[in-house]
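Since the structure is predicted, the reported quantities are computational estimates derived from the model, not experimental observations.
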Amino acid sequence: IAAHRSPEHIARNVYRHPVETLAFFGLRDDMTVVEALPGELWYTEILAPVLREKGRLVAASFDPATPNMVDYQKKAHELLLRRIAEEPAVFDRVVVGKLSPPTGIDLGPPGSADLVVTFRATHGWLNGGVADQIYAAFFTVLKPGGILGIEQHRAGPKTNLEAFSGYVPEEKVIAIAEKAGFVLEARSEINANPKDTADWSAGVWTLPPTLRLGEVDRAKYLAIGESDRMTLRFRKPSAAKP
């Protein structure tokens, strides 16, 4: 257990299976890795020390120059910069990239990354109409043969697909990635949760860690745990141009 990780973040290991997930994605300590939208830095806290000596971590955050940034985007970007400044022993070699479509995208030079990872973000990009643009950027930044690792809240038979719930059908995510040029290499049930029926009144945010309904049925949702998630590994064809 690393001292730079909070007890709250460590408690989520049981739901997020970081060791197994990153091993499934093929992470090595000498890779150049792009993490798309680090958010509260849950995975950044794990990736940064692994890659610090031999590899390179690009944290593709919200671009502060983007007009009309919302509050959570500003806070996420400020958190990243603050942790880099205040905890150099862990984060000083993290490179800050940009992922604020449609204009502010800078993941690094074309063909420079070995691995791109995205955790529970595709629903937002679909809702904003920018998923195709972002997945195309992932394809461009990866080397031929590079890997795209995706973890995403998974829709089920009861999910209302007309509402913005945070859940996305697995086949839809696969279609977006394949449209960008990726080839599906493997699926994993590492982050599956059969207790999640994916039909909650406040969407995926009904469940922990958000618990949007407050005290209403709180024990029930805590017992269910975090959402049911797909975990997918794609590869950029070796013959593909950056």
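- If you chain together hydrophobic residues whose side chains sit under 4.5 Å apart, Val96 and Val141 never meet in one group.
- Here the side chain of Ser165 pairs a donor or acceptor atom with the backbone of Tyr167 at under 3.5 angstrom.
- Residues Leu107 and Val58 fail the side-chain proximity criterion, which asks for heavy atoms closer than 4.5 Å.
- In this structure, Ser6 contributes its side chain and His9 its backbone to a donor-acceptor pair below 3.5 Å.
- Contact check for Leu27 versus Leu51: side-chain heavy atoms found under the 4.5 Å cut-off.
- The one candidate from Gln73, Glu78, His77, Glu35 that meets the side-chain hydrogen bond (donor to acceptor under 3.5 Å, both in side chains) condition with Ser61 is His77.
- The minimum heavy-atom distance linking Leu207 with Tyr221 is given by the pair CD2-CD2, 3.9 Å.
- To the nearest 0.5 Å, atom CG of residue Leu142 and atom NZ of residue Lys236 are 6.0 Å apart.
- With salt bridges taken as basic N to acidic carboxylate O contacts below 4.0 Å, one links Arg187 and Glu171.
- The CD atom of Gln133 lies 4.0 Å from the CD1 atom of Ile105; values are rounded to the nearest 0.5 Å.
- Between Asn13 and Arg5, the closest side-chain pair of non-hydrogen atoms falls below 4.5 Å.
- Two residues are said to be in side-chain contact when any heavy atoms from C-beta on lie closer than 4.5 Å; Phe182 and Ile150 fail this criterion.
- Salt-bridge formation is detected for the pair Arg218/Glu215: a Lys NZ or Arg NE/NH1/NH2 atom is positioned less than 4.0 Å from an Asp or Glu carboxylate oxygen.
- Shortest non-hydrogen contact noted between Gly39 and Leu79 is O-CD2, 4.0 Å.
- By the neighbour-count criterion of 12 heavy atoms within 6.0 Å, atom CZ of Arg56 is sparsely surrounded, having that number or fewer from other residues, nucleotides or ligands.
- In terms of the ring-ring contact (aromatic ring centres under 6.0 Å, His included) criterion, residue partners of Tyr43 (sequence neighbours excluded) are, by chain and number, Phe119.
- Counting only heavy atoms from C-beta outward, the side chains of Trp125 and Thr118 approach each other to under 4.5 Å.
- No donor-acceptor distance shorter than 3.5 angstrom exists from the side chain of Lys158 to the backbone of Asp199, with no hydrogens or angles considered.
- Rounding to the nearest 0.5 angstrom, the gap separating the CZ atom in Arg229 from the CD1 atom in Ile190 is 13.0 Å.
- In this structure, CD1 on Ile176 lies 11.0 Å from CD on Glu178, to the nearest 0.5 angstrom.
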Query raised in the report: Could you walk me through whether Arg28 and Lys54 pass the side-chain contact (heavy atoms from CB on, under 4.5 Å) check?
Result: CA-CA 9 Å; Arg28 301 189 315 271; Lys54 298 180 183 179; over 6 Å; no
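- Classified by interplanar angle (parallel below 30°, tilted 30° to 60°, perpendicular above 60°), the ring pair His153/His123 is tilted.
- Cluster note: Val14 groups with Tyr15 through ILVMFWY side-chain heavy atoms spaced under 4.5 Å, whether in direct contact or through intervening members.
- The closest side-chain heavy-atom distance from Leu47 to Leu22 is below 4.5 Å.
- Heavy-atom minimum distance, Ala198 versus Thr159: O-OG1, 2.8 Å.
- A 6.0 Å sphere centred on CD of Glu40 holds no more than 12 heavy atoms belonging to other residues, nucleotides or ligands.
- The hydrophobic cluster containing Ile147 does not contain Ile134, counting ILVMFWY residues as joined when their side-chain heavy atoms lie under 4.5 angstrom apart, directly or transitively.
- Residues Val117 and Met31 share a hydrophobic cluster, clusters being chains of Ile/Leu/Val/Met/Phe/Trp/Tyr side chains in contact below 4.5 Å.
- Asn191 and Arg120 form no side-chain donor-acceptor contact under 3.5 Å, judged by distance and modelled atom types alone.
- Of all the heavy atoms in Ala89 and Arg52, the pair that sits closest is O-NE, 3.2 Å.
- The side chain to side chain contact (heavy atoms under 4.5 Å, CB included) test with Glu170 is passed by exactly one of Val168, Val173, Ile174: Ile174.
- In terms of heavy-atom proximity, Asn193 sits nearest to Ser227 at CB-O, 3.9 Å.
- Grouped with Val19 in a hydrophobic cluster is no other residue, since no side-chain heavy-atom contact under 4.5 Å to another Ile, Leu, Val, Met, Phe, Trp or Tyr is found.
- Considering CG of Asp217 and CG of Leu222, their distance stands at 11.0 Å, rounded to 0.5 Å.
- The closest donor-acceptor contact from the side chain of Asp29 to the backbone of Val50 lies at 3.5 Å or more, if one exists at all.
- Taking each heavy atom of Leu161 and Ala155 in turn, the nearest pair found is CD2-CB, 3.9 Å.
- Proximity of Thr206 to Arg212: side-chain heavy atoms (C-beta onward) are nowhere separated by under 4.5 Å.
- Here Glu151 does not pair with Arg16 in a salt bridge; the nearest charged N to carboxylate O distance is not below 4.0 Å.
- With hydrophobic clusters built from ILVMFWY side chains whose heavy atoms lie under 4.5 angstrom apart, Phe25 does not share a cluster with Val34.
- Phe139 has its ring centre no less than 6.0 Å from the ring centre of Phe234.
- In terms of hydrophobic clustering, with Ile, Leu, Val, Met, Phe, Trp and Tyr side chains grouped at heavy-atom distances under 4.5 Å, Val204 and Val216 are assigned to a common cluster.
- Here the straight-line distance linking atom CZ of Phe138 with atom CG of Leu115 works out to 11.0 Å at 0.5 Å rounding.
- Between Phe24 and Arg233, some side-chain heavy-atom pair lies under the 4.5 Å cut-off.
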